[in-house]
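The chain is numbered in sequence order, starting from 1.
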Amino acid sequence: MQKIFKRLEEIKKWVKESPDPHNFKTNDDFMRLWVELMNYAHYLLIVGLSSTKDDVVAKKGVAKHRAIVVGLMVRISKLYEGFIKQIADRQVELALIFVRLISETEVKIDYLINTKNRRKSSLSFILSAYKAEKEQLKDLTGKSKSRPLEIIEKRIMSTIKGKLKKDNITLKKLMSNKTWKLDGKDFKCILRSLNREMEYSYVFGNMSHFVHGTWHDLSIYHLESENGRYFPNLKYTIPDPRITGPITFLILTRLKAFLKWNKSDQDNYLMEIIESLLDLSIAYDEVYAKRRFKY
């Protein structure tokens, strides 16, 4: 515990003594600072996820409907770590894939935390994850009527049934289910319910290019054009704060909401450090937006 507090105090000191970005001359100068800031943000994520409201929760864990949110936050932490690694490796094409995944996960957390019926939404979240398994069971059941199942097929069926039993989902309920969306809402509807509908095109939709490899992605990062003809571009693109700033702001903002929901920072010790890092990230982002840096 002492090591954690020592590390947190180091972050507080770094925020106070961090370099003035107005003095930076190149993009690399700026990105070195951002990577350091992101590493601190990731550490705060780890500490925040490791904290609980009391010793009882620390020993026994949380109920399933709350575990979904905790699990999604852990997913964000791991995705953000992957994002930081790609930024540090100067591979923006790969980092952009993480942006979409992080954003999608963060929206689900926002929805599940603020939904009126958390237990009902949690059950919907779990059941909607079994679409592929339903199709597999239908296929294997059909095959079993005409021939003995192979060993791997028996194993797949046994694994699926084991998962269903663990989640208290009957075969009848699974087979009769026809809705594979959280509370019957597609992603755009979820965003609309959170008053975040415009994020669908600006974030979710825009980042889809880099997940699915659309022409938008290919033409920017994977091809070079000359006189109307195209050549492969095997070089990676050097990242800049235009994606590191907003995604870090999103991460820290969601961490604040999680700590409040989880009641695991009642003395606001972590919250104050998070807010100071948030303020710094906003300040850096504003400085970068007003200047151009050389690569």
Side-chain angles (χ1 to χ4, degrees), residues 3-48 76-103 106 199 202-203 206-207 210 217 220-221 224 233 235-259 265 268-295:
K3 289 183 178 179
I4 294 175
F5 279 114
K6 182 179 179 181
R7 181 66 167 165
L8 292 174
E9 288 299 317
E10 288 176 0
I11 296 175
K12 290 170 66 175
K13 182 179 179 182
W14 182 83
V15 170
K16 292 180 180 179
E17 301 176 357
S18 60
D20 184 353
H22 291 90
N23 297 327
F24 294 163
K25 304 297 183 183
T26 68
N27 187 73
D28 281 350
D29 292 337
F30 218 106
M31 289 308 296
R32 275 192 289 269
L33 186 70
W34 265 109
V35 170
E36 193 168 6
L37 189 151
M38 288 190 294
N39 280 319
Y40 286 139
H42 184 246
Y43 185 78
L44 291 175
L45 264 174
I46 294 173
V47 175
I76 278 184
S77 176
K78 292 176 179 178
L79 288 171
Y80 187 54
E81 183 178 10
F83 173 79
I84 296 171
K85 288 179 179 179
Q86 299 306 326
I87 293 294
D89 286 342
R90 301 160 74 90
Q91 298 176 340
V92 75
E93 293 87 338
L94 301 180
L96 286 168
I97 296 173
F98 285 93
V99 173
R100 156 69 186 269
L101 299 177
I102 291 170
S103 300
E106 185 273 332
E199 291 182 28
Y202 283 102
V203 182
N206 195 39
M207 290 299 113
F210 312 112
D217 176 45
I220 294 176
Y221 295 118
E224 292 180 346
N233 177 14
K235 296 179 181 179
Y236 284 101
T237 305
I238 300 173
D240 65 51
R242 284 177 293 179
I243 61 167
T244 55
I247 200 66
T248 299
F249 180 85
L250 181 72
I251 292 280
L252 292 173
T253 302
R254 178 49 50 202
L255 178 57
K256 284 179 58 180
F258 173 78
L259 290 174
D265 185 39
N268 288 325
Y269 178 73
L270 275 178
M271 197 73 74
E272 291 179 2
I273 301 175
I274 294 168
E275 288 177 348
S276 66
L277 208 60
L278 261 174
D279 291 341
L280 191 63
S281 69
I282 294 171
Y284 287 166
D285 199 51
E286 290 176 349
V287 171
Y288 187 88
K290 295 176 182 178
R291 300 180 60 192
R292 289 187 178 182
F293 292 86
K294 296 180 181 179
Y295 286 84

- Close side-chain approach of Tyr40 to Val35, heavy-atom, < 4.5 Å: no

- Query: Hey, does the side chain of Asn233 reach the backbone of Tyr221 with a donor-acceptor pair shorter than 3.5 angstrom?
  - Reply: yes

- Could you tell me whether the side chain of Ile11 reaches within less than 4.5 Å of the side chain of Leu44, counting heavy atoms only? yes

- Which heavy atom in Ala95 sits nearest to a heavy atom in Ile87, and how many Å separate them? CB-CD1, 3.8 Å

- Can you check side chain to side chain contact (heavy atoms under 4.5 Å, CB included) on Phe210 and Val99, steps first, answer last? CA-CA 9 Å; Phe210 312 112; Val99 173; over 6 Å; no

- Hits for ring pair (Phe, Tyr, Trp, His ring centres under 6.0 Å) against Tyr43, two or more places apart or cross-chain, chain-then-number order -> none

- Query: In Å, rounded to the nearest 0.5 Å, how long is the span from CD1 of Ile97 to CD1 of Ile102?
  - Reply: 12.0 Å

- With ring centroids as reference points, do Tyr288 and Phe24 lie under 6.0 angstrom apart? no

- Answer yes or no: is there a side-chain heavy-atom contact under 4.5 Å between Lys256 and Leu278? yes

- Query: Quick one: does Glu93's side chain have a donor or acceptor within less than 3.5 Å of a partner on Thr237's backbone?
  - Reply: yes

- Note on the structure: In this structure, CD1 of Ile274 is separated from CG of Leu255 (nearest 0.5 Å) by 3.5 Å

- Please report the shortest heavy-atom distance between Ser77 and Leu45, naming the atom on each side. CA-CD1, 3.9 Å

- Item | Chi angles and distances behind the side chain to side chain contact (heavy atoms under 4.5 Å, CB included) call for Leu252, Thr248 | CA-CA 6 Å; Leu252 292 173; Thr248 299; 4.1 Å; yes

- Query: Mind checking whether Tyr269 and Leu8 have side chains closer than 4.5 Å, heavy atoms only?
  - Reply: yes

- Task: Locate the shortest heavy-atom distance separating Val203 from Ser103; write the atom from each residue and the value.
- Result: CG1-OG, 3.4 Å

- Message: Has Asp285 got a side-chain atom pairing as donor or acceptor with Ser281's backbone, closer than 3.5 angstrom?
- Response: no

- Minimum-distance pair of heavy atoms, taken over all atoms of Gly245 and Trp34: CA-CH2, 3.4 Å

- With distance as the sole test, does Asp265 use its side chain to make a donor-acceptor pair with the main-chain N or O of Leu270 at under 3.5 Å? yes

- Under the 3.5 angstrom rule, does the side chain of Asp89 hit a backbone N or O of Gln91 as a donor-acceptor pair? no

- Can you tell me how far the CD atom of Glu81 sits from the CE atom of Met38, to the nearest 0.5 Å? 12.0 Å

- Message: Ignoring hydrogens, what is the shortest heavy-atom contact between Thr244 and Ile247? Give both atom names and the distance.
- Response: O-CG2, 3.5 Å

- Item | Under-4.0 Å salt bridge between Arg7 and Glu10 | yes

- Go through the steps for Gln86 and Phe98 under the test side chain to side chain contact (heavy atoms under 4.5 Å, CB included), then give the verdict. CA-CA 9 Å; Gln86 299 306 326; Phe98 285 93; 3.8 Å; yes

- Message: Using only atom types and a distance under 3.5 Å, with no angle test, would you say the side chain of Asp29 pairs donor to acceptor with the backbone of Thr26?
- Response: yes

- Message: One pair to check against side chain to side chain contact (heavy atoms under 4.5 Å, CB included): Arg90 and Asp28. What are the steps and the verdict?
- Response: CA-CA 10 Å; Arg90 301 160 74 90; Asp28 281 350; 3.1 Å; yes

- Task: Specify whether His42 and Tyr80 have parallel, tilted or perpendicular ring planes, treating 30° as the upper limit for parallel and 60° as the lower limit for perpendicular.
- Result: tilted

- Item | Check: Phe30 and Asp240 side chains under 4.5 Å, non-hydrogen atoms | no

- Item | Salt bridge Lys12-Glu9, side-chain N to carboxylate O under 4.0 Å | yes

- Do the side chains of Leu37 and Tyr284 get nearer than 4.5 Å, heavy atoms only? yes

- Note on the structure: For Pro241 and Pro246, the nearest pair of non-hydrogen atoms, with its separation, is O-CD, 3.7 Å

- Donor-acceptor pair, Asn27 side chain versus Pro239 backbone, under 3.5 Å? yes

